[in-house]
K.L.:
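I have a structure here, written as structure tokens, and I will follow up with some questions on it.
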Amino acid sequence: MERVGAALGGLAAVAAVFGGIVVIRVLTRALYAAVWFAETVAVFAFACLLGYLVYRILLGTSDDPRRR
């Protein structure tokens with residue numbers, strides 16, 4: 001009976017280690033995907049800002065009501 005308990009304990013330890021590695025891998029990949037998405041959104045917003053500034057400079061328009 002002690003051998004069965006020891007074998008079950010060994011299997012539980014293996015499952016815990018393997019499960020822990022799987023959980024860590026899933027969490028790091030989810031974090032990587034979240035960071036990649038946030039970086040993509042930030043680069044898109046920056047490109048939109050630059051595009052807007054270039055548009056305003058090249059067209060030479062102004063929001064100043066005195067220039068109309």
Side-chain angles (χ1 to χ4, degrees):
M1 197 65 185
E2 290 180 17
R3 288 186 179 194
V4 172
L8 288 177
L11 286 175
V14 168
V17 169
F18 182 72
I21 291 172
V22 170
V23 167
I24 290 172
R25 183 176 291 174
V26 168
L27 289 177
T28 54
R29 288 185 181 181
L31 180 62
Y32 177 79
V35 168
W36 180 80
F37 179 75
E39 179 185 1
T40 302
V41 170
V43 169
F44 180 74
F46 183 68
C48 287
L49 176 65
L50 282 180
Y52 175 74
L53 291 175
V54 168
Y55 164 77
R56 299 296 285 200
I57 291 169
L58 291 179
L59 287 182
T61 59
S62 173
D63 288 335
D64 189 356
R66 296 173 292 180
R67 292 194 59 185
R68 293 188 181 167

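All heavy atoms count here, side chains included; hydrogens, waters and symmetry mates do not. Source: prediction; values computed, not measured.
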K.L.:
If you measure from CG on Leu49 to CZ on Phe44, what distance do you get to the nearest 0.5 Å?
P.N.:
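These two atoms lie 12.0 Å from each other.
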K.L.:
Share the residues that join Leu31 in a hydrophobic cluster, the rule being Ile, Leu, Val, Met, Phe, Trp or Tyr side chains under 4.5 Å apart at the heavy-atom level.
P.N.:
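Under the 4.5 Å side-chain rule, Leu31 groups with Val35.
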K.L.:
Hydrophobic clusters join Ile, Leu, Val, Met, Phe, Trp and Tyr when side-chain heavy atoms are under 4.5 Å apart, directly or via other members; which others share one with Val4?
P.N.:
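Other cluster members: Leu8.
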K.L.:
Which donor-acceptor pairs under 3.5 Å do side chains of residues 9-30 form with protein atoms, sequence neighbours excluded?
P.N.:
residue : atom : partner : partner atom : Å
Thr28   : OG1  : Ile24   : O            : 3.0
Thr28   : OG1  : Arg25   : O            : 2.9

